[in-house]
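First comes the structure, then the notes that go with it.
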Amino acid sequence: MIKVEELHKSFDGNEVLNGLTLEVKKGEVIALIGGSGCGKSVLLKHVAGLMKPDRGCVIVDGKDLGTLRGRHLVQLRDRLGFLFQGGALFDSLTVFENVAFPLKEKTKLSDDLIRERVFRELERVSLSGSEHKYPSQISGGMVKRAALARALVMDPEIMLFDEPTTGLDPVIGNAILNLISECHERLSFTGVIVTHAIPNVFHIVDRVAMMNEGVIRSDGTPEELMSSSDPVVRAFVGNEGAA
Amino acid sequence: MTTSAKLACMSIVRKFGGIGLEYLYRIGVMGLFLVKAFFYVFIPPLKLIRIVRRIHFIGFQSMLVIFLTGCFTGMVLGFQGYNSLSKFGSEAFLGPMVGLSLVKELGPVFTALVVTGMAGSAMTAEIGIMRITEQIDALELMGLNPYRYLVVPNLLAIIISLPLLTAIFDVIGIFGGFLIGVKLLGVGTGTYFGEMASYMAMKDIVEGVYKSLSFGVIIVWVCCFKGYYTGVFTGFGAEGVSRATIQAVVLSFVLILVWDYFMTSLLF
C-alpha cells in the first residue's frame with residue numbers, strides 16, 4: 001500500500017533522510033520509532049505528499065506521489081487521514097465545526113447527516129458535551145482526540161499519526177493508543193504511527209521500524225525488536241522503555 | 001593578482017551572487033503567489049460566506065479609524081490650505097484644493113495605510129499562526145486548496161471594501177475641510193463646494209478608485225504572502241510570525257507609496 005524507495009531529503013546541507021526504504025502492506029499498522037530529530041516526521045510528511053523528496057519516491061497504492069498533481073493528488077489525499085502532533089485544529093472553529101469541516105467541504109451530505117456523523121465520531125473519542133468548545137478551551141488530550149475524530153470522520157484508508165501521545169500523561173497517552181487500536185479494528189486502515197511511546201505502542205502495531213541516521217535501522221515485529229542484538233536498537237529501546 | 005587574492009575576490013562574488021539569487025528566488029515565489037491568487041478567483045466555487053466575513057473584517061471594522069483619520073486629515077488640509085492660499089488671496093480655491101488632494105492622493109493612500117495597519121497585519125498574523133500550527137497543512141491534506149480559503153476571500157473582500165472605505169475617507173475629509181474652512185475660517189459654503197464642483201472631474205475620482213483597487217491588491221498580496229511563507233522566509237515560531245507581520249506592514253507601506261508614485265507619474 002505504501003512504498004518508500006531510496007528517499008533522500010536534506011535541509012541546508014544536513015541530510016535527514018539518506019536513502020530510506022520502507023514498505024507498509026494494506027491493513028498493516030507500523031510504529032516508526034527513532035531518536036528525536038532523526039527525520040520520522042519528515043518521512044511522514046513525504047508519505048502525505050506535504051514535502052517533496054530530493055531523490056527517491058513515495059508510492060501509495062501504486063501511484064508515485066511525486067508525479068501526482070491537481071485532482072489526482074486530491075483524490076489520493078481524500079483517502080488519507082493525518083493526525084498532527086499538535087492536532088492542527090482550526091482555532092477559530094469549535095470542536096464540532098472542526099470535525100464537520102471536511103464533511104461540509106468534501107461531501108454533499110445534508111446538515112442533519114453531518115450533525116449525526118460528527119456526534120457519533122465525537123462520542124467514539126469521548127468528547128460528547130465538548131462540541132461547542134474552541135480548541136483553546138480544551139486540554140491537550142482532548143485536542144488530540146478531537147483531531148483524531150476529524151481525521152477519521154471521512155473513513156480514511158490510510159492513517160498517519162505524528163506523535164499522537166507526545167505531551168500527554170501516560171494514562172491519557174494509553175487511552176489515545178487504545179482509541180487508535182479500536183479505530184483500526186473498525187476501519188481496517190493502513191497506518192503509520194510515529195511515536196516515542198515504547199513499549200506501549202507495541203501492543204497495537206504489527207511491525208516496528210526504527211530509524212537511525214536517515215535510514216531504517218531495524219524492521220520487524222515488536223518481539224523481534226525487543227530481542228534484537230543490534231546495540232543501537234537495544235540502547236534506544238532500553239532507554240525509551242525505561243523512560 | 002595573486003592566487004589567494006583571486007580566490008578572495010571569487011568568494012566575495014559568489015557570496016553576493018548567492019544573496020542576489022536568493023532575492024530573485026523570493027521575488028519569483030512572491031510573483032507566483034499573486035498569479036495563483038488571481039487564478040483561483042476565477043475557479044469556482046467561491047467561498048461566499050468567508051468573503052462576506054472578510055468584508056466585515058476589512059471594511060466594517062476599519063470604519064471608525066477611517067472616520068477619524070479622514071476627518072482630521074481634512075481638517076488639517078483646511079487649516080494648511082487656508083493659510084497657504086490666503087497668502088495669494090486665493091482662499092476661494094480651498095474647496096478644490098481639499099477635494100483634489102483627498103480624492104486623487106491622500107484618500108487612497110491614507111486609507112490603504114490604515115487598512116494595512118489594521119487588517120493587513122492581522123491577515124499576516126492569522127495566516128502565519130495557521131502555518132506554524134500546521135493548520136494550512138491540515139487544509140492541504142483534506143484536499144482543500146489553501147489559496148481558496150485564505151487568500152481569495154481576502155483579495156475579493158479588499159477589492160470591494162477598499163474603494164468604499166476610500167470614498168468614505170474622501171467624504172469625511174471634505175467635511176472636515178468644510179468645518180475648518182467654512183465654519184471656522186469664514187470661507188463661504190457656496191464658494192467651498194461650488195469651486196470644488198468646478199475644478200473636480202469624474203477622471204479625478206476614477207484615478208482615486210484605480211489607486212485604491214491596486215493598493216488593495218498590494219496589501220493582500222504582501223500580507224498573505226508573508227503569512228503563508230512564515231517559517232520559510234522569516235523563521236519559525238512566535239518570533240517568525242512577529243517578524244513576518246513587521247515585514248508585511250513595512251513592505252506594504254513602501255510598495256503602496258512607490259506604486260502611488262508610478263501610477264501618478266505614468267498613468268495620469
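In what follows, chains are A, B, ... by sequence order, proteins preceding strands, each numbered from 1.
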For atom [atom1] of [X], decide whether the heavy atoms of other residues, nucleotides or ligands shown that lie under 6.0 angstrom number more than 12.
X	atom1	value
F33(B)	CZ	yes
E22(B)	CD	yes
R53(B)	CZ	no
I19(B)	CD1	yes
Y23(B)	OH	no
R55(A)	CZ	no

Worksheet item: Would E105(A) and R148(B) pass as an ion pair if we require N to O under 4.0 Å?
Response: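 Answer for the salt bridge query: no.
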
Worksheet entry | Point-to-point distance, once rounded to the nearest 0.5 Å, from CZ of F101(A) to OH of Y149(B) | 4.5 Å

State, with a plain yes or no, whether a side-chain heavy atom of [X] is found less than 4.5 Å away from one of [Y].
X	Y	value
Q135(B)	F84(A)	no
L141(B)	L160(A)	no
F82(A)	D137(B)	no
E140(B)	R77(A)	yes

Worksheet item: Which residue pairs pass the side chain to side chain donor-acceptor pair (under 3.5 Å) test when at least one of the two sits in residues 140-158 of chain A, sequence neighbours left out?
Response: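 Qualifying pairs, neighbours excluded: R79(A)-E157(A), N98(A)-R150(A).
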
Discussion item. At a 4.5 Å cut-off on heavy atoms, which part of L89(A) comes close to chain B: side chain, backbone, both, or neither?
Written reply: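 For L89(A), the contact with chain B is made by the backbone alone.
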
Practice prompt. Against chain A, label I129(B) side chain, backbone, both or neither, depending on which of its atoms sit under 4.5 Å from a heavy atom there.
Written response: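 Only the side chain of I129(B) comes within 4.5 Å of chain A.
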
Worksheet item: So, for G143(B) and D78(A), which heavy atoms are closest and what is the spacing to 0.1 Å?
Response: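 Closest approach of G143(B) to D78(A), heavy atoms only: CA-OD1, 4.5 Å.
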
Worksheet item: What are the two closest non-hydrogen atoms of A138(B) and A88(A), and how far apart are they?
Response: CB-O, 4.0 Å

